[in-house]
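Treat the numbers as computed from the prediction; the structure is a model and nothing was measured. Note on naming: letters A, B, ... go to the chains in the order of the sequence lines (proteins, then strands), and numbering restarts at 1 for each one.
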Amino acid sequence: MKPAPFDYCRPATVAEALEALGSSESSRVLAGGQSLIPAMNFRLTDVSVLVDINRVDGLASVDCDLGGVTVGAAATQTRVLEHEGAAGVVGGLRAALRHVGHLQIRNRGTVCGSLAHADPAAELPALAVASGAVIAVSGPDGERRIDAADFFIGPFWTALEDGELITEVHFPAQPPGSVTIVDEISRRAGDFAVAGLVATVQADGGAVRSARLVGFGLGGVPTRLETAEAAIEGWAADHPADTLAEAVMADTADAFDDIHATSWYRREAVAALTVRAARQALADAEAA
Amino acid sequence: MTISEPISEVDVEVTVNGQPQRHRVPARLLLSDYIRDTVGLTGTHLGCEHGYCGACTVIVDGDAVRSCLMLAAQVDGAEVRTVEDLAPAGADSLSPMQQAFHDNHALQCGFCTAGFLMTLESVDPTEWNEPERVVELLSGNLCRCTGYQNIVTAVTEAWSAYDGSGGSDDG
Ligand SMILES: Cc1cc2nc3c(=O)[nH]c(=O)nc-3n(C[C@H](O)[C@H](O)[C@H](O)COP(=O)(O)OP(=O)(O)OC[C@H]3O[C@@H](n4cnc5c(N)ncnc54)[C@H](O)[C@@H]3O)c2cc1C
Ligand code: FES
Ligand code: FES
């Protein structure tokens, strides 16, 4: 189907974009359009004013330094995936983006758009929570910064208020000696995950020191696996996998059922992914 | 060009397959419908209009994109290429990839073919010519007829001169 009529603008500055967003109650930001335009084509989303931010000055940048990487709201996923930044800085984004859609989707889709969209099965919100990302927002009342942990409220629902715009997101560099692994179960390469895991793991001397574990596709928002984070400390490859898997099961009791999988299947899947991630982190640490 | 005030009709100047085009279009017109109905190039097909099938894939400023997930308004100032641009105009010959599709029965109904060809045209074979990478590349295009095997065979044949490890034999 085709979208219903709307008015379109393509502002040059953040101030102009905010003004246009404030001009109507059903105004929307258009970034990559890879989630919004399908919803408009289906007439699931009602838009009166569409504010295309792709030509706003300065929003397409990807800046890396030792502290981390800052991705502007108009920077495409392909741009970030191809960025030459060091593995310790953009490694997590690279690992996540490999699972996002297909080449043609990533060529338009943005990192910030995925956060704003907040699909419960999306990789980037989970990565943002796992890595302690900070989302920079501009709105009618000025600018504010929101920790990823406070940003996701429910499925397709974030802390963004009406008339607010994400201008950029900052992903801090990973702790030294750690690796970020993004793994998932999906029906077909490039499809949204049935369930998945982002694991930032620090390992040395044959054992896991600490890890940040965040599941996705389990509930309405990225799911921090805190029992498993405690259980994984000191875990070594010859330890029983069950201790880790049981901890994940305890963390995921609320996982949902749908046509693609039962709650139980999702929990088992993330438990298996957690064991796999721990083993891989240990192998990577040994090879390093 | 930027547009600061919201408007319902947008002026678009774009190059399509090397030809300059100029139209005033409704803001809601999809790029796919612009290409088919306004410019009149019907080689680009529409299967789903929500980003899943890849039949509508075209190249915008060098990148393969879903034309059903862009607005015509967004290509103002851009260069768009469609399947009609692959074989040299007026020549009876096909492009090497088209010929390989033909030779290997890589299409049956042909509905998906333009999308596959434009995805393939958009990439540098020296970066993608490895069996796993070819399959990954093609995962964004659906084909309901062939079972994909003949498409992979065609790509392998058309790209046989390239090694996929980042360097090329003959460019
Ligand atoms: C076939 C297909 C497969 C896909 N597979 C995956 C997948 O496996 N994993 C995955 O995570 N995603 C997937 N996606 C979605 C894709 O990653 C989208 O690009 C992403 O979810 C949204 O980013 P966007 O830039 O396209 O945003 P848009 O579609 O432009 O916008 C999405 C929403 O966010 C809002 N928004 C966007 N940018 C901002 C901003 N800067 N400030 C405030 N609000 C904003 C919009 O108003 C809209 O409500 C897929 C999409 C398709 C079509
Ligand atoms: S018609 Fe565009 S992806 Fe199916
Ligand atoms: S040849 Fe019929 S869909 Fe591909």
When the 4.5 angstrom heavy-atom criterion is applied to A/Arg55 and chain B, the contacting part is both

Residue pairs passing the ring pair (Phe, Tyr, Trp, His ring centres under 6.0 Å) test with at least one member in residues 28-54 of chain A, sequence neighbours excluded, are A/Phe42-B/His50

Worksheet item: Should we count CG of A/Asp257 as having more than 12 external heavy atoms under 6.0 Å?
Response: yes

Check your understanding: Should B/Pro6 and A/Val51 count as side-chain neighbours, where that means a heavy-atom distance under 4.5 Å?
Key -> no

Flag if over 12 foreign heavy atoms under 6.0 Å of OH, A/Tyr265 | no

Within residues 56-74 of chain B, contacts to chain A at heavy-atom distances under 4.5 Å involve B/Thr57, B/Asp63, B/Ala64, B/Val65, B/Arg66, B/Cys68, B/Leu69, B/Met70, B/Leu71, B/Ala73, B/Gln74

Donor-acceptor list for residues 28-39 of chain A side chains, cut-off 3.5 Å, not counting sequence neighbours:
from, atom 1, to, atom 2, distance (Å)
A/Gln34, NE2, A/Gly32, O, 3.0

So, the part of B/Asp76 with a heavy atom under 4.5 Å from chain A: the answer is both

Note: vs chain B, highest number of non-hydrogen pairs under 4.5 angstrom among A/Ala4, A/Ala12, A/Pro5 is A/Pro5

So, the part of B/Val135 with a heavy atom under 4.5 Å from chain A: the answer is neither

If one checks every heavy atom of A/Ala17 against chain B at 4.5 Å, the contacting part turns out to be neither

So CD1 of B/Ile3 and OH of A/Tyr8: to nearest 0.5 Å the spacing works out to 5.5 Å

In residues 21-30 of chain B, what donor-acceptor pairs under 3.5 Å come from side-chain atoms, sequence neighbours left out?
from, atom 1, to, atom 2, distance (Å)
B/His23, ND1, B/Tyr34, OH, 2.8
B/Arg24, NE, B/Asp11, OD1, 2.8
B/Arg24, NH2, B/Asp11, OD1, 3.3
B/Arg24, NH2, B/Asp11, OD2, 3.0
B/Arg28, NH1, A/Pro3, O, 2.8

Task: Crowding at CG, A/Asp162 (>12 non-hydrogen neighbours, <6.0 Å) - done: no

Looking only at B/Ser32, B/Ser8, B/Ser122, B/Ser139, most heavy-atom pairs under 4.5 Å shared with chain A are made by B/Ser139

query = Please walk me through it: do B/Glu136 and A/Leu103 pass side-chain contact (heavy atoms from CB on, under 4.5 Å)?
reply = CA-CA 9 Å; B/Glu136 183 195 332; A/Leu103 175 80; over 6 Å; no

Take a 6.0 Å sphere around CZ of A/Arg144 and say whether it holds more than 12 heavy atoms from other residues, nucleotides or ligands. yes

Inset, instruction - Indicate yes or no for a side-chain donor-acceptor contact from A/Arg10 to the backbone of B/Met1 under 3.5 Å, with no hydrogens or angles considered. - result: yes

dist A/Arg188:CZ -> B/Tyr52:OH (nearest 0.5 Å) comes out at 8.0 Å

Looking at A/Glu19, I'd like to know if its CD atom is crowded, meaning that more than 12 non-hydrogen atoms belonging to other residues, nucleotides or ligands lie closer than 6.0 Å.
no

* **Residues, nucleotides or ligands: over 12 heavy atoms within 6.0 Å of A/Arg43 CZ** => yes

